[in-house]
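Just so it is clear, the model here is predicted, and its values are computed rather than measured.
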Amino acid sequence: MNCNILRRDGLVLSRSFYDRPTLDVARDLLGRRLVCAGGGTQRAGRIVEAEAYIGPEDLACHASRGRTPRTEVMFGPPGYAYVYIVYGMHHCLNAVTEREGFPAAVLIRALEPEAGLDSRTDGPGRLCRALAIDRSFNGADLTGPRLFVEAGDRPASTPIAEELVASGSRVGVGYAGEWADKPWRFWLKGNRWVSRLKR
DNA sequence: ACCGTGATAATCT
DNA sequence: GATTATCACGGTG
């Protein structure tokens, strides 16, 4: 039995982790360990890239188009998964952040493979395919048994050291006017698993 | 650089 | 119900 991929409750990030400013959560998710226990298999990887989508004003955030069936979970409490399909074929995984009623989330963009992964995990669509994350995970409790995040390589209460983090503009949001230029994409500096590393 | 692909939501009839 | 515009991507060349 591989103990490395078993859930250890004390190490799972609690709801309060997500109930914070989205930029803080996005940075602090780097280095954490995402575990998916769906389909009888445990798959896990270290988060190395993430993007923040923040509130109704952010034109790159789906919630800026209003509260719809698709975006409903973003308006709910923090610590739940927002999973949607883009371009008709790719699933994307987000962690809902901030207080209930304020729509915001962090898009998980890339993982460094750790367990049970046999296809690429650089990119939000590929990551979901590798972990077998589909729409059935939309609204899943990230503090629950199916899909969760462990503290990873540092204590849950310790933010990541700033010198390890690089930031830049978010991918694929050129339509969002001034919001497209916000440096709300974060990745582990120099990590080989980061998608489309631009600098 | 190019473009397939189909869900989503708004805008019609 | 039908039509249309849009798209938080990825594979190919």
- Where each pair must be Watson-Crick or G-U wobble with both distances under 3.5 Å, what dot-bracket representation of DNA chain B is obtained, with crossing pairs in [ ] and other-strand partners as |? ||||.|||||||.

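- Between A/Asp58 atom CG and C/dA8 atom C1' there is a gap of 10 Å when expressed in whole angstrom units.
- When heavy atoms are screened at a 4.0 angstrom cut-off, A/Arg129 is found touching the sugar-phosphate backbone but no base atom.
- With values rounded to the nearest 0.5 angstrom, A/Asp134 atom CG is found 5.0 Å from A/His91 atom NE2.
- Between A/Arg70 and the phosphate of C/dC7, there is no side-chain N or O to OP1/OP2 separation shorter than 4.0 Å.
- For the pair A/Arg170 and A/Tyr53, the cation-pi test (distance below 6.0 Å, angle within 45°) is passed.
- Summarising the geometry, the separation between NE2 on A/His90 and P on C/dC9 is reported as 9 Å, rounded to the nearest angstrom.
- In this structure, A/Arg109 reaches the C/dC9 phosphate: one of its side-chain N or O atoms is under 4.0 Å from OP1 or OP2.
- At whole-Å resolution of the value, NE2 in A/His62 and P in C/dC7 are 9 Å apart.
- C/dA8 has A/Tyr53 stacked on its base ring, the centres lying under 5.5 angstrom apart and the planes within 30 degrees of parallel.
- Taking atom CH2 of residue A/Trp184 and atom P of nucleotide C/dA8, one finds them 16 Å apart after rounding to whole Å.
- The backbone N or O of A/Glu162 sits nowhere less than 3.5 Å from a side-chain atom of A/Arg27 that would complete a donor-acceptor pair.
- For DNA chain B, the contact window with chain A, defined by any atom under 4.0 Å from a protein heavy atom, covers B/dG4 to B/dA10 in 5' to 3' order.
- The residues A/Asp141 and A/Arg15 are annotated as salt-bridged, a charged nitrogen and a carboxylate oxygen being separated by less than 4.0 angstrom.
- Contact between the side-chain N/O atoms of A/Tyr175 and the OP1/OP2 oxygens of C/dA8 is found at a separation under 4.0 Å.
- Remark: side-chain polar atoms of A/Asn138 are paired, donor with acceptor, to backbone N or O of A/Val83 under 3.5 angstrom.
- Here C/dC9 presents its C1' atom at 12 Å from CG of A/Asp122, a figure rounded to the nearest Å.
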- Message: One pair to check against salt bridge (charged side-chain N to carboxylate O under 4.0 Å, His left out): A/Arg20 and A/Asp28. What are the steps and the verdict?
- Response: CA-CA 11 Å; A/Arg20 291 187 290 158; A/Asp28 205 1; 3.0 Å; yes

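- Under the 3.5 Å distance criterion, the side-chain polar atoms of A/Arg67 are left unmatched by any main-chain donor or acceptor of A/Pro103.
- Here the straight-line distance linking atom CZ of A/Arg99 with atom CG of A/Asp19 works out to 9.5 Å at 0.5 Å rounding.
- Remark: side-chain polar atoms of A/Thr121 are paired, donor with acceptor, to backbone N or O of A/Leu111 under 3.5 angstrom.
- Rounded to an integer number of Å, the gap from A/Leu59 CG to C/dC7 P is 11 Å.
- Rounding to whole angstrom units, CZ of residue A/Phe186 and P of C/dA8 are separated by 19 Å.
- Both A/Arg120 and A/Val173 sit near DNA chain C, but only A/Val173 has its closest nucleotide nearer the 5' end.
- Checked by atom type and distance alone, the side chain of A/Glu49 pairs as donor or acceptor with a backbone atom of A/Ser195 at under 3.5 Å.
- Residue A/Glu49 contributes atom CD, which lies 10 Å from atom P of C/dG10 at whole-angstrom precision.
- The side chain of A/Arg65 contributes no N or O atom lying less than 4.0 Å from OP1 or OP2 of C/dT6.
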